[in-house]
Amino acid sequence: KQVRGMKTYGGVSTYLPLRLNQAGVIPIIFALSILLFPQMIFNFLLGVDNEWVVSFAQQGINLTNIGWLYAGSYFLLVIGFTYFYTAITFDPDKIADNLQKSGAFVPGIRPGQATSLYLASILTRLTLVSSVFLGIVAVLPLALQSATNNPAFAIGGTALLIVVSVVVDMVKRLDAQVSVRQY
């Protein structure tokens, strides 16, 4: 955009796409891996010939089989890994620097460090909503199993998220192909 006298030439208004669920299903996978690792170790220790080790392993298995403790730790781990993964994959300083180098800006926010702080605050709010949503999706099968008292009844939240993301991606690709054919 150029300003000459009282007139402005060029420049377009655009948007910066920030996804609501920046991390995808990765936090659920990480949290499940962390929760299943101790159970795997305790099950391995049950086969040891030492009586003390077998007793310790049995107590560990009993501790990991407490439903509300497992679900609560699963929920908190998903929230934590969502923030962790989002912090690793999205760098507000780099985005703000790229915006400043290209001459773009966020209306009402100064370029540079102020833009970076603004993007970080927006991303923190979006990640809060995303992490709670992912936590609920992760714990939902456990709640359904508990409510129905049927351990075979489980609707996998992770599988549902993967299916939805594949369908959304396919719709976007089809839409892109249709728009290319029109031009």
Side-chain angles (χ1 to χ4, degrees), residues 15-96 116-173:
Y15 65 97
L16 181 64
L18 294 176
R19 293 175 38 195
L20 179 63
N21 186 4
Q22 196 78 18
V25 294
I26 301 296
I28 294 176
I29 295 169
F30 284 171
L32 194 58
S33 299
I34 294 292
L35 283 176
L36 291 179
F37 186 70
Q39 289 178 355
M40 184 180 70
I41 297 297
F42 291 139
N43 283 328
F44 175 74
L45 291 177
L46 283 177
V48 176
D49 289 334
N50 190 337
E51 187 177 311
W52 182 83
V53 172
V54 171
S55 173
F56 173 74
Q58 190 59 46
Q59 289 175 357
I61 287 175
N62 292 340
L63 183 66
T64 59
N65 286 337
I66 299 173
W68 63 269
L69 182 64
Y70 182 82
S73 56
Y74 192 20
F75 185 78
L76 292 176
L77 280 172
V78 167
I79 289 175
F81 278 123
T82 303
Y83 273 98
F84 176 72
Y85 192 78
T86 302
I88 288 175
T89 58
F90 189 86
D91 186 14
D93 293 331
K94 185 177 176 184
I95 299 294
S116 174
L117 292 173
Y118 177 74
L119 289 175
S121 69
I122 294 295
L123 189 65
T124 301
R125 292 184 208 146
L126 286 175
T127 305
L128 175 66
V129 173
S130 171
S131 64
V132 170
F133 168 73
L134 283 177
I136 289 170
V137 166
V139 176
L140 186 64
L142 300 174
L144 288 175
Q145 286 175 350
S146 176
T148 61
N149 287 329
N150 185 1
F153 182 67
I155 300 171
T158 308
L160 186 64
L161 279 175
I162 291 171
V163 167
V164 167
S165 64
V166 167
V167 168
V168 166
D169 185 46
M170 186 177 70
V171 167
K172 284 182 183 178
R173 288 177 187 234

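Owing to the predicted nature of the structure, the values given are computational and were not obtained by experimental measurement.
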Got a sec, which residues hit side-chain hydrogen bond (donor to acceptor under 3.5 Å, both in side chains) with [X], two or more places apart in sequence or on another chain?
X: Thr86; answer: none
X: Ser130; answer: Asn21
X: Asp91; answer: none

Exceeds 12 heavy-atom contacts within 6.0 angstrom, atom CZ of Phe56: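 Not buried by this count: 12 neighbours or fewer within 6.0 Å.
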If you compare all heavy atoms of Pro141 against all heavy atoms of Ala138, which two are closest, and at what distance to 0.1 Å?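 What the structure gives for the nearest pair is CD-O, 3.4 Å.
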What verdict does the side chain to side chain contact (heavy atoms under 4.5 Å, CB included) test give for Arg173 and Asp169, after you've listed the backbone C-alpha separation in whole Å, the side-chain angles of each residue and the deciding distance to 0.1 Å? CA-CA 6 Å; Arg173 288 177 187 234; Asp169 185 46; 3.1 Å; yes
Suppose we screen for side-chain contact (heavy atoms from CB on, under 4.5 Å). Which residues come up paired with [X], at least two apart in sequence or across chains?
X: Leu20; answer: Leu126, Val129
X: Val166; answer: Ile162
X: Ile95; answer: Leu16, Phe90, Leu99, Leu119

Could you tell me which residues satisfy salt bridge (charged side-chain N to carboxylate O under 4.0 Å, His left out) with Arg125, sequence neighbours excluded, listed by chain and number?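 In terms of salt bridge (charged side-chain N to carboxylate O under 4.0 Å, His left out), with neighbours along the sequence ignored, Arg125 is linked to no residue.
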Solution key, residues 38-52 side-chain donor-acceptor pairs under 3.5 Å, sequence neighbours excluded:
from, atom 1, to, atom 2, distance (Å)
Asn43, ND2, Gln39, O, 3.2
Asn50, OD1, Trp52, N, 3.0

Return the [atom1] to [atom2] distance between [X] and [Y], rounded to the nearest 0.5 Å.
X: Leu144; Y: Leu140; atom1: CG; atom2: CG; value: 4.5 Å
X: Leu134; Y: Ile28; atom1: CG; atom2: CD1; value: 5.0 Å
X: Thr89; Y: Phe84; atom1: OG1; atom2: CZ; value: 10.0 Å
X: Ile122; Y: Thr127; atom1: CD1; atom2: OG1; value: 11.0 Å

Would you mind writing out the side-chain donor-acceptor pairs for residues 69-82 within the sub-3.5 Å range, not counting sequence neighbours?
from, atom 1, to, atom 2, distance (Å)
Ser73, OG, Leu69, O, 2.9
Ser73, OG, Tyr70, O, 3.0
Thr82, OG1, Val78, O, 2.6

Has Thr124 got a side-chain atom pairing as donor or acceptor with Ala120's backbone, closer than 3.5 angstrom?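 Side chain of Thr124 to backbone of Ala120, a donor-acceptor pair under 3.5 Å: yes, one is there.
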Side chain to side chain, Asn62 and Gln58, heavy atoms closer than 4.5 Å: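 Asn62 vs Gln58: side chains touch.
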